[in-house]
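The structure under discussion appears below in the form of structure tokens.
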Amino acid sequence: MANEIQGLPVYAKSKPLFMTTPPIEKTLPIPDELILKLKATEQNPRYHAEGNVYNHTLLVLQQYEMYADTFEVNPAEKEVLYWAAILHDVGKPEVTQWVDGRWSARGHEVAGVPVAREFLLGQPQLTPAQRRDILDLVRWHHVPMRWGLRDTPLDAYKRLATRINPRLLGYFAWIDTLGRICEDKAYITDILRNFNTHIVPRIHLETGDWDSICAIYQQASVRQKNALWQSLKQPDIRLLEKLLTTRHPQIHPPVFDCTILLTPASPRLDSWISTHLPDRVRYDAGAWDTPGLSTKLRAAALRMIEHFISVYGKGERKLLLTGDFTDSDTRHRIADFVRHQGGYIRYLVPESQMGSLQTETAPEDWEAIHRIWHRLEWPHPWEAHETVQVTL
């Protein structure tokens, strides 16, 4: 592919950057109910003069169709960009409000993840890796623009590159911006051009590309995985870069194995555990958002989990933790405690649609399950030693 500058295709001179016409009407391959929600959700005309979210989505899809073949992507990545174009703003109907005389969709990236995930789980042609990449783009698609506006240091981008493919992120942010009619498009496209042509190549050169970073973590010893996770919390990025270029042999194997299920309780889950994890010692941590659960009670509940891990983790026991682990701070504390005890952490993420659980769940439990399901954000790939997607 002919490039003007490494990382960004030459399309600025051959195709129009600034669209002033409405999108070509077509039907998106999503449920009619969701289409109606997108059409009913207005946007700030200063940044989205094309109108509602549905119009914007059509414009972004048009940009994808115009430019996808100019990107350096394989067929699987091309399909990722296609579905990201369709689903990236599905969270806006969930959060859009009229605030101080204008429409605001603050938090729509996070709100869009469970909506997009529910839909993608009904697309059997997609692999778990593709679903993960699409959801990552839904969650982080505004980062190149927002961080560019704030002149964010390169170190922050390098840390982000351990949880999302920055190359795909840059490509998608470009078509997302081209798919809107706004007064600041020239300024934003300059920011995104810098992301694609300078920031991403520097990340690849100094830290590694997405595939190499993933391979390094997968092949690392438990000790090195612990160090890599801790390096993300350090202010100096040089420790992370050093760890990505060194290897530590597996000298001491883990003392025990601890599996954490990141899914609400359900009859199907219990049946799956009985079939696939019959030898595990199980502890159900319950819900952390129970009304009236004070800081003191919360701390006591955490101590009980840590006590369970300390006692049953001895003697190479296999542990299983279930409950509401959507709160990242709680989850991090438990995972770090397992590390300190010499254990191996495995996250299990369900590949099941939330709607399929409703038919087998008691009405009094459904509200809590629905709330937990919609709060669950995909964890950082390094948060556990291994993250496995399972079909319940």
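The first residue of the sequence shown is numbered 1, and numbering continues consecutively from there.
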TODO: Kindly work out whether a path of hydrophobic side-chain contacts (I/L/V/M/F/W/Y, heavy atoms less than 4.5 Å apart) joins Phe308 to Val311.
DONE: yes
Open item on the list: Is it the case that the side chains of His56 and Asp176 hold a donor-acceptor pair, with the cut-off being a distance below 3.5 Å and no angle test?
Closed with: yes
Open item on the list: Does any part of the side chain of Ile309, heavy atoms only, come nearer than 4.5 Å to the side chain of Leu321, both counted from C-beta?
Closed with: yes
Open item on the list: So for atom CZ, which belongs to Arg106, do other residues, nucleotides or ligands contribute more than 12 heavy atoms lying within a distance under 6.0 Å?
Closed with: no
Open item on the list: Treating Glu94 as the side-chain partner and Ala111 as the backbone partner, does any N or O pair qualify as donor plus acceptor under 3.5 Å?
Closed with: no
Task: Spacing of CD1 belonging to Ile237 relative to CZ belonging to Arg159, to within rounding of 0.5 Å - done: 4.0 Å
Open item on the list: side-chain contact (heavy atoms from CB on, under 4.5 Å) for Ile164 and Val143? Distances and angles first, verdict last.
Closed with: CA-CA 11 Å; Ile164 184 174; Val143 162; over 6 Å; no
Task: From Thr259 atom OG1 to His276 atom NE2, the distance as rounded to the nearest 0.5 Å - done: 13.0 Å
TODO: Could you tell me which non-hydrogen atom of Thr322 sits nearest to which non-hydrogen atom of Arg282, and how far apart they are?
DONE: OG1-NE, 3.2 Å
- [ ] Evaluate side-chain contact (heavy atoms from CB on, under 4.5 Å) for His48 paired with Glu42, printing each intermediate quantity in order.
- [x] CA-CA 9 Å; His48 288 281; Glu42 298 298 330; over 6 Å; no
Task: Whether over 12 other heavy atoms sit under 6.0 Å from Asp151 CG - done: no
Task: Under 3.5 Å side-chain donor-acceptor pair for Tyr344 and Glu386 - done: yes
- [ ] Please identify each residue that fulfils side chain to side chain donor-acceptor pair (under 3.5 Å) with Gln125, with sequence neighbours left out.
- [x] Gln123
Open item on the list: Tell me if a side-chain donor or acceptor on Gln130 pairs with a main-chain N or O of Thr127 at a distance below 3.5 Å.
Closed with: yes
Open item on the list: Taking the side chain as everything from C-beta on, heavy atoms only, tell me whether Trp210 gets closer than 4.5 Å to Arg167.
Closed with: no
- [ ] Looking only at non-hydrogen atoms, find the nearest pair between Ala85 and His88 and report the distance.
- [x] O-ND1, 3.0 Å
Open item on the list: If the condition is side chain to side chain donor-acceptor pair (under 3.5 Å), which residues does Asn44 pass it with, not counting sequence neighbours?
Closed with: none
TODO: Look at the side-chain heavy atoms of Ile, Leu, Val, Met, Phe, Trp and Tyr, link any pair under 4.5 Å apart, and say whether Tyr157 and Leu228 land in one connected group.
DONE: no
Task: NZ/NE/NH1/NH2 to OD/OE distance under 4.0 Å, Asp336 and Lys233 - done: yes
Open item on the list: Applying side-chain contact (heavy atoms from CB on, under 4.5 Å) to Leu59 and Arg180, what does each step give before you reach the verdict?
Closed with: CA-CA 7 Å; Leu59 283 176; Arg180 60 189 180 115; 5.7 Å; no
Open item on the list: I'd like to know if the side chain of Glu65 reaches the main chain of Gln62, judged simply by a donor and an acceptor atom lying under 3.5 Å from each other, with no hydrogens or angles considered.
Closed with: no
Task: Main-chain N/O of Tyr187 paired with Asp184 side-chain donor or acceptor, under 3.5 Å - done: no
TODO: Could you pull out the closest heavy-atom pair between Leu261 and Phe325, with the gap in Å?
DONE: O-CD1, 4.0 Å
Task: Min side-chain heavy-atom separation Val53-Thr57 under 4.5 Å - done: yes
Task: cation_pi(Lys225, Tyr217) dist<6.0 Å, angle<=45 - done: yes
TODO: For Trp378, check ring-ring contact (aromatic ring centres under 6.0 Å, His included) against everything at least two apart and list the hits.
DONE: none
Task: Heavy-atom side-chain contact between His380 and Trp229 under 4.5 Å - done: yes
Open item on the list: Assess, by modelled atom type and distance only, whether the side chains of Thr96 and His108 contain a donor and an acceptor separated by less than 3.5 Å.
Closed with: no
Task: Residue pair Arg298 / Thr330, side-chain donor-acceptor N/O under 3.5 Å - done: yes
- [ ] For the residue pair Val255 and Gln341, establish whether any side-chain heavy-atom pair is separated by less than 4.5 Å.
- [x] no
- [ ] For Arg131 and Leu121, indicate whether the former's side chain and the latter's backbone hold a donor-acceptor pair under 3.5 Å.
- [x] no
Open item on the list: Distance check, rounded to the nearest 0.5 Å: Thr152 atom OG1 versus Phe195 atom CZ?
Closed with: 11.0 Å
TODO: Look at atom NE2 of His307 and say whether more than 12 heavy atoms of other residues, nucleotides or ligands are closer to it than 6.0 Å.
DONE: no
Open item on the list: Taking Val138's backbone N and O only, do any of them form a donor-acceptor pair with His141's side chain (distance below 3.5 Å, no angle check)?
Closed with: yes
Open item on the list: Determine whether Lys37 and Tyr54 satisfy the following criterion, side-chain contact (heavy atoms from CB on, under 4.5 Å), listing intermediate values before the conclusion.
Closed with: CA-CA 8 Å; Lys37 287 183 178 181; Tyr54 185 77; over 6 Å; no
Open item on the list: Is there a path of hydrophobic side-chain contacts, each under 4.5 Å between heavy atoms, that joins Trp140 and Ile213?
Closed with: no
Open item on the list: To check you understand the geometry: which heavy-atom pair defines the closest contact between Leu243 and Ser231, and what is its length?
Closed with: CD1-CB, 3.7 Å
Task: Nearest atoms (heavy-atom pairs only) where Ala105 meets Val95 - done: O-CG2, 3.8 Å
Open item on the list: Has Glu77 got a side-chain atom pairing as donor or acceptor with Leu168's backbone, closer than 3.5 angstrom?
Closed with: no
Open item on the list: Regarding His142 and Glu109, do their side chains bring together a donor and an acceptor under 3.5 Å, going by distance alone?
Closed with: yes
Task: Crowding at OH, Tyr312 (>12 non-hydrogen neighbours, <6.0 Å) - done: no
Task: same_hphob_cluster(Leu135, Trp382) at 4.5 Å side-chain heavy-atom cutoff - done: no
- [ ] Decide ring pair (Phe, Tyr, Trp, His ring centres under 6.0 Å) for Trp174 and Tyr67; before the verdict, give the C-alpha distance in whole Å, the side-chain angles of both, and the deciding distance to 0.1 Å.
- [x] CA-CA 10 Å; Trp174 183 264; Tyr67 303 123; 8.1 Å; no
Open item on the list: Can you tell me which residue among Lys318, Arg280, Arg317 is in a salt bridge (Lys or Arg N to Asp or Glu O under 4.0 Å) with Asp257?
Closed with: Arg280
Task: Close side-chain approach of Leu178 and Met66, heavy atoms under 4.5 Å - done: no
Open item on the list: For Asp136 and Arg139: C-alpha separation, side-chain torsions, deciding distance, then whether salt bridge (charged side-chain N to carboxylate O under 4.0 Å, His left out) applies.
Closed with: CA-CA 5 Å; Asp136 279 344; Arg139 172 63 181 86; over 6 Å; no
- [ ] Spell out, as yes or no, whether a donor-acceptor pair under 3.5 Å connects the side chain of Gln224 to the backbone of Thr246.
- [x] yes
Task: Arg331 side chain near Ile334 side chain, heavy-atom distance below 4.5 Å - done: no
Task: Reported CZ-to-CG distance for the pair Arg346 and Leu319, which is rounded to 0.5 angstrom - done: 11.0 Å
- [ ] Flag yes if Trp103 and Val90 sit in one hydrophobic cluster, no otherwise; membership is Ile, Leu, Val, Met, Phe, Trp, Tyr, and two members link when side-chain heavy atoms are under 4.5 Å apart.
- [x] no
Open item on the list: Is there a side-chain contact between Leu38 and Asp89 in this structure, where contact means two heavy atoms from C-beta onward sitting under 4.5 Å apart?
Closed with: no
Task: Euclidean distance, Leu192 CG relative to Thr177 OG1, rounded to 0.5 Å - done: 4.5 Å
TODO: Please check if atom NZ in Lys296 has more than 12 non-hydrogen atoms from other residues, nucleotides or ligands closer than 6.0 Å.
DONE: no
Task: CG-CG distance between Leu81 and Leu137, expressed to the nearest 0.5 angstrom - done: 6.5 Å
Task: Nearest non-hydrogen partners of Phe256 and Gly313, listed with the distance - done: CB-O, 3.2 Å
